[in-house]
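Side-chain atoms are counted along with the backbone in the values below, which use heavy atoms only and exclude waters and symmetry mates. Because the structure is a prediction, the values reported are computed rather than measured.
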Amino acid sequence: MPENSTEVTAAGIARLAGVGRAAVSNWRRRHADFPKPVGGTETSPSFALPEVEQWLRDQGKLAEVPLRERVWQQLAGHPAGAVPALVHTGCALLLLRTSPKVWPEITAASDEGMAGVLSLAVDKVLTTRFGPAAEAGRAVHAPSPAELLPSVPLLRAAAELAAGTGVQETFEFLLGRQLDANPRQYTLTPPGLAELMAALVETGERPARTVLDPAAGTGALLRAVGRPAALYAQETDPDLAALTALRLALHTDTGCALAARTADTLRADAFPQLAADAVLCHPPFNERNWGHDELAYDPRWEYGFPARTESELAWVQHALAHLREGGTAVLLMPPAAASRRSGRRIRADLLRRGALRAVIALPAGAAPPYGIPLHLWVLRKPGSGRHPSPELLFVDTAEPAESPSAGPAATAPAGGRDRLDWQAVHGAVLDAWQSFDDAGSPGREGRTEPGHPASARPGRAVPVIELLDDDVDLAPARHLPPPAAAGGPAELMRVRERLTETLGLTGTLTPVAVTLSEPAHWPLTTVGELARAGALQLRTGGSGTGPGPVLTEHDVLGSTAPSGSLPVDGPAEEPVLVEPGDVVVPVLGGGSVARVVDDATAGAALGRNLQLLRPDPAALDPWFLAGFLRGTANNRQASSYASTATRLDARRLQLPRLPLAEQQRYGQRFRALAEFEDALRLAGRLGGQLVQGMYDGLTDGTVAPE
């Protein structure tokens with residue numbers, strides 16, 4: 001085995017071969033020639049990827065594995081780590097994009113020769129794109145030949161993948177996999193939010209040509225800008241800064257100037273003289289160690305010295321300091337920044353001088369932390385010839401409750417991660433901001449536009465003088481009219497009527513008295529055995545790109561319509577589409593849940609943390625299968641327990657061996673139980689909606705007490 005060869009775990013081998021981890025364990029026991037571990041631990045060994053690939057190829061188990069999966073395994077198992085390997089890959093892809101004719105000559109050499117030539121070629125490309133290598137804080141540098149040598153097989157494979165899917169798409173795929181594999185290491189800005197923030201800075205007096213992100217993270221905000229002339233990025237984490245630099249270089253053409261720096265932004269501003277058209281920023285929240293002690297006399301604190309607990313207001317003033325007169329900044333902020341008493345003086349000065357133009361409340365689930373409804377602050381750099389704005393725009397995009405008349409899915413909880421209607425959020429925010437920014441206000445002194453009731457308006461302009469009280473509380477919910485109770489009294493009556501109907505249905509569907517008998521002693525089989533025999537197929541969700549709805553874990557648990565969506569970026573990959581009669585089970589959480597796909601759900605893509613069982617109708621009844629999968633004892637014996645989660649191994653779930661006719665008898669009973677359960681769930685939702693609507697109606701006067 002070559003020194004420093006890429007390693008892969010048993011889970012990676014299973015993914016390469018398209019099997020479960022149990023199959024890999026069986027191969028290790030049954031095949032004496034299976035590769036020996038080269039690292040890891042006794043319980044989680046790792047293997048040399050070249051040896052594993054050769055063994056799988058000899059066994060005929062590698063032919064159907066996509067090239068992209070092999071490339072990812074090489075990157076994930078790189079001896080230097082996944083992030084350095086991804087940086088090397090990005091450098092090579094940038095060279096391939098910039099000088100495609102040079103690449104065949106470089107790859108024709110031996111691995112050692114290719115590493116040496118590639119290092120020089122990459123250095124030239126990076127210097128052209130980002131400036132001289134000696135420039136202080138430059139985010140990405142050319143790897144040395146010694147650093148590149150272990151990556152050469154990966155780079156050859158990545159170039160092969162890029163030839164079919166595209167250079168940018170290949171890097172986005174690998175970066176996306178790295179981010180998904182390490183969710184706790186990165187704070188991400190979702191694409192829908194990044195696009196909204198970019199759109200807000202592009203609706204000002206002139207297009208945003210030069211844009212700065214002083215807390216660039218993975219570069220999502222700068223990547224969302226339409227047609228910039230120059231992008232400036234600064235990031236404290238050197239790994240993220242390098243990845244962001246390469247991501248932006250692959251995303252933009254050579255006509256866009258790029259500058260990416262690595263440094264602590266508040267303590268060591270990399271662009272002290274920059275006056276940009278726009279600033280986009282998703283700053284770190286609630287930081288105490290942001291430089292409060294050493295930055296007391298910094299000239300950026302034009303609106304007041306932020307308290308130690310107000311790091312977000314330091315970022316706000318940093319953004320304003322880097323805007324030209326009339327330039328726009330949009331920052332993602334925690335809701336507490338709008339109302340903490342320690343920041344009231346800075347908020348007041350931002351209002352008095354017309355720097356703060358809008359505060360926009362987003363739905364919960366828009367960005368991490370997903371359980372909190374975050375805010376967007378829109379700021380405008382005051383100029384010498386400008387008069388302070390007399391008003392501040394408030395927008396609240398919290399989704400109203402849906403009408404239950406549309407069916408069970410309409411009463412599902414709104415919002416949440418993977419459940420946001422970003423198109424509706426964009427429309428509400430941009431409509432309110434554009435009319436306010438173009439005309440000065442969507443309605444003076446808080447009045448609404450003709451023909452638009454206050455409860456239907458996405459935003460409201462409030463005179464600044466009304467906000468300059470002792471608290472200077474800028475939370476939108478405190479200044480916007482409350483929504484009508486559950487759509488108004490008429491809607492409450494419809495909810496009540498539907499609840500009455502549903503309660504009647506639950507009475508009809510209540511199971512009849514049961515006949516007790518002794519426990520059955522059937523011969524049993526497992527889902528894994530049935531899959532090997534061809535009686536059913538097993539598929540795992542979470543992959544694929546393109547349009548179309550996604551059946552999420554929340555949809556299965558709540559028995560609601562598909563509510564997720566697939567990513568639109570990245571290499572084309574076919575998702576797993578559900579069909580009528582499929583049985584879907586969540587793999588996390590330890591609950592006994594199984595859903596049989598009906599005609600209304602068919603065609604949706606299978607989401608993350610879900611496993612699909614597709615029975616052969618000539619051998620298995622789907623409702624029989626789903627019913628026995630829900631048995632408590634069955635789930636316990638098929639689950640594994642970690643310190644923080646329970647994971648279900650669907651292959652270990654057991655079923656009795658029964659004739660198809662007998663399966664169908666059980667299936668009919670299981671189906672009736674599922675209908676009863678759905679009716680109970682719907683009744684609970686409608687009842688909760690009716691109760692809250694009555695409370696709201698009685699307290700706002702739209703419902704009379706008698």
Side-chain angles (χ1 to χ4, degrees), residues 2 4 6 71-72 74-76 78-163 165-175 178 216 218-219 222-223 231 233 235 237-262:
N4 291 330
T6 298
V71 173
W72 165 248
Q74 287 180 296
L75 188 145
H78 194 281
V83 173
L86 189 53
V87 172
H88 296 175
T89 304
C91 289
L93 291 173
L94 182 59
L95 174 63
L96 179 61
R97 182 192 182 197
T98 306
S99 306
K101 294 182 179 179
V102 175
W103 186 259
E105 300 176 8
I106 295 176
T107 56
S110 64
D111 285 1
E112 291 80 2
M114 178 177 169
V117 176
L118 188 59
S119 179
L120 294 174
V122 165
D123 183 61
K124 183 178 179 180
V125 169
L126 293 179
T127 299
T128 301
R129 205 73 179 92
F130 298 104
E135 194 165 347
R138 197 180 84 171
V140 59
H141 298 271
S144 68
E147 292 171 324
L148 278 175
L149 182 56
S151 299
V152 168
L154 165 64
L155 304 184
R156 293 183 190 273
E160 183 183 351
L161 178 60
T165 62
V167 171
Q168 179 187 342
E169 291 78 6
T170 297
F171 187 77
E172 287 294 323
F173 162 69
L174 295 173
L175 176 62
Q178 170 65 11
T218 60
L222 293 179
R223 188 173 177 270
L231 296 176
E235 170 56 44
D237 186 319
D239 289 337
L240 277 180
L243 293 176
T244 292
L246 291 167
R247 188 182 196 189
L248 295 176
L250 290 167
H251 177 69
T252 58
D253 56 38
T254 55
C256 176
L258 291 179
R261 301 287 184 268
T262 302

Exercise. Does A85 offer a backbone N or O that forms a donor-acceptor pair with the side chain of T89 under 3.5 Å?
Worked result: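 Side chain of T89 to backbone of A85: a pair is present.
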Exercise. When you measure from the side chain of S110 to the backbone N and O of G113, does any donor-acceptor pair fall under 3.5 Å?
Worked result: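 Checking the backbone N and O of G113 against the side chain of S110, a donor-acceptor pair under 3.5 Å is found.
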As an exercise, state the distance from [atom1] of [X] to [atom2] of [Y], rounded to the nearest 0.5 Å.
X: W103; Y: L93; atom1: CH2; atom2: CG; result: 7.5 Å
X: L148; Y: M114; atom1: CG; atom2: CE; result: 8.5 Å
X: L154; Y: H88; atom1: CG; atom2: NE2; result: 9.5 Å
X: F173; Y: L75; atom1: CZ; atom2: CG; result: 9.5 Å

For residues [X] and [Y], report the shortest heavy-atom separation together with the two atoms involved.
X: P100; Y: R97; value: CD-O, 3.8 Å
X: A242; Y: A139; value: CB-O, 3.6 Å
X: V71; Y: A158; value: CG2-N, 4.1 Å
X: P143; Y: C91; value: CD-SG, 4.3 Å
X: L250; Y: Q168; value: O-OE1, 3.7 Å
X: L248; Y: G219; value: CD2-O, 4.1 Å

If we only count heavy atoms from C-beta on, is the [X] to [Y] side-chain gap below 4.5 Å?
X: P153; Y: Q74; answer: yes
X: R138; Y: T127; answer: yes
X: H78; Y: S151; answer: yes
X: D111; Y: R156; answer: yes
X: L95; Y: I106; answer: yes

For this session: Apply side-chain contact (heavy atoms from CB on, under 4.5 Å) to the pair R247 and L175, showing each step before the final yes or no.
Result: CA-CA 9 Å; R247 188 182 196 189; L175 176 62; 3.7 Å; yes
For this session: Would you please test T218 and L243 for side-chain contact (heavy atoms from CB on, under 4.5 Å) and show each step?
Result: CA-CA 7 Å; T218 60; L243 293 176; over 6 Å; no
Problem set entry | Contacts of type side chain to side chain contact (heavy atoms under 4.5 Å, CB included), residue A249, not counting sequence neighbours |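 For A249, the residues satisfying side chain to side chain contact (heavy atoms under 4.5 Å, CB included) (neighbours in sequence not counted) are L94, R129, F130, L258.
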For this session: Please step through side-chain contact (heavy atoms from CB on, under 4.5 Å) for the pair L126 and L246, ending with a clear verdict.
Result: CA-CA 9 Å; L126 293 179; L246 291 167; 4.3 Å; yes
For this session: Answer with yes or no whether the side chains of T165 and T170 bring together a donor and an acceptor at under 3.5 Å.
Result: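 Yes, a side-chain donor-acceptor pair sits under 3.5 Å.
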